[in-house]
Amino acid sequence: MKGKFITFEGPDGAGKTTQMKMLGERLEAMGKKVVYSREPGGTRISEEIRKVLLNPSNIEMVDRTEALLYAAARAQHVEELIRPALEDSKFVLCDRFTDSTVAYQGFGRGIDMDLLNKLNSMATAGIVPDLTIILDIDPALGIRRISEKRVTDSGMEKDRIELEHINFHKKVRDGFLHLAVANPGRCKLVDAKQEMEALANEIYLLVKEVLDK
Ligand code: Z5A
């Protein structure tokens with residue numbers, strides 16, 4: 001692939017969306033063509049699936065349905081948006097990807113890891129990020145940040161996953177920490193407690209290593 005694929009991962013409220021935008025602006029200022037996306041979502045069909053997944057009324061959703069829907073949204077996203085953009089030499093910056101499935105559905109829900117890895121392979125059909133930034137944060141602080149954002153952004157309600165108990169979010173964080181250790185080449189762990197600008201500089205240096213390769 002001629003482009004570069006960079007994903008942002010971490011617990012809820014770690015600052016992924018903020019950092020993705022800050023990196024994108026920096027890359028655009030360097031003249032790079034940048035595509036911003038998110039999971040679940042990024043295409044019309046995937047955004048429809050997102051609504052089903054995050055709807056707080058869908059309390060009866062079983063874990064297998066959840067895992068399959070994330071994978072279905074991803075398959076559509078990969079073929080319709082990510083692969084064409086990479087073939088067109090663009091930088092694709094994506095808020096969450098396959099590692100979220102391992103952390104949330106694997107570590108959080110306890111679904112068999114081999115099954116999830118197979119599901120991820122099927123959904124991605126060979127697309128692997130060049131770099132994954134894992135923003136590490138204490139889930140309690142992440143949740144506090146999102147609650148504060150909700151006060152500013154009135155009308156934004158808690159989604160189905162945010163409504164999970166804090167113990168679920170702790171397991172998810174452990175999942176991300178495990179992923180960082182298991183994939184030292186692709187995944188880079190950063191401390192998301194830092195002030196935004198300092199964090200953006202640290203992330204940029206990690207991206208620069210990929211650019212210089
Ligand atoms: N999910 C899954 O289970 N399996 C999967 O395979 C995939 C996803 C792909 C998607 O929700 C949900 O789907 C997600 C995982 C699950 N769980 N939930 N809920 P989402 O993508 O819409 O939401 P999110 O990613 O969890 O959270 P978020 O609200 O988008 O948070 P964020 O992007 O990490 O943070 P932010 O919006 O950049 O910042 C949050 C607030 O903190 C905001 O007010 C900022 O101004 C502030 N902020 C950001 N950085 C800082 C720093 N450094 N200091 C202080 N304050 C900061």
Side-chain angles (χ1 to χ4, degrees), residues 1-42 74 77-78 81-83 85-86 88-104 107 120 124 127-146 148-149 152-153 161-162 169-170 172-213:
M1 292 284 163
K2 290 178 263 172
K4 295 281 178 224
F5 183 28
I6 301 174
T7 55
F8 289 78
E9 298 276 10
D12 298 27
K16 300 173 300 299
T17 315
T18 305
Q19 289 300 324
M20 189 173 97
K21 282 190 193 141
M22 289 173 89
L23 174 66
E25 283 164 12
R26 216 153 168 167
L27 292 171
E28 283 174 7
M30 291 163 67
K32 310 278 185 203
K33 287 184 283 179
V34 181
V35 172
Y36 301 84
S37 200
R38 66 173 180 180
E39 287 214 346
R74 179 163 304 134
H77 188 208
V78 163
L81 187 145
I82 299 174
R83 193 188 301 279
L86 292 175
D88 196 21
S89 305
K90 291 181 175 146
F91 271 77
V92 179
L93 307 186
C94 191
D95 195 339
R96 299 194 180 281
F97 196 56
T98 46
D99 298 305
S100 281
T101 296
V102 173
Y104 284 82
F107 281 79
N120 270 340
T124 54
I127 295 285
V128 179
D130 294 288
L131 174 68
T132 295
I133 305 290
I134 298 182
L135 288 94
D136 180 47
I137 198 161
D138 178 342
L141 175 55
I143 289 165
R144 202 176 322 138
R145 281 185 183 173
I146 292 182
E148 284 163 14
K149 184 172 158 185
T152 325
D153 192 353
I161 310 283
E162 277 170 36
H169 293 286
K170 285 182 181 160
V172 168
R173 183 199 195 182
D174 289 344
F176 283 120
L177 294 176
H178 166 87
L179 280 160
V181 172
N183 303 278
R186 173 177 66 85
C187 296
K188 303 295 173 194
L189 193 70
V190 295
D191 179 0
K193 281 198 308 299
Q194 294 178 72
E195 181 272 320
M196 287 180 205
E197 286 294 337
L199 189 52
N201 286 335
E202 185 179 341
I203 291 172
Y204 176 68
L205 291 179
L206 293 168
V207 172
K208 203 167 167 300
E209 278 177 32
V210 172
L211 289 178
D212 293 344
K213 262 189 197 158

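Just the heavy atoms: all of them, side chains too, but no hydrogens, waters or symmetry mates, feed the values below.
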Atom of [X], atom of [Y] and distance for their closest heavy-atom approach:
X      : Y     : result
Cys94  : Glu39 : SG-CG, 4.0 Å
Ser37  : His77 : OG-NE2, 2.7 Å
Thr124 : Arg83 : O-NH2, 3.7 Å
Ser100 : Glu9  : OG-OE1, 2.5 Å
Cys187 : Asp99 : SG-OD2, 4.5 Å

Separation of Ile203 CD1 from Ile133 CD1 (nearest 0.5 Å): 5.5 Å
CG on Leu206 to OG1 on Thr132, rounded to 0.5 Å: 11.5 Å
Polar side-chain atom of [X] near backbone of [Y] as donor-acceptor pair, under 3.5 Å:
X      : Y      : result
Asp130 : Phe5   : yes
Gln19  : Met196 : yes
Asp88  : Lys90  : no
Arg74  : Phe97  : yes

Reference residue Arg173; test side-chain contact (heavy atoms from CB on, under 4.5 Å); the match among Ile134, Ile137, Asp12, Asp138: Asp138
Asp95/Lys21 ion pair, N-O < 4.0 Å: no
Geometric class of the Phe176/Tyr104 ring pair [parallel <30°, tilted 30-60°, perpendicular >60°]: perpendicular
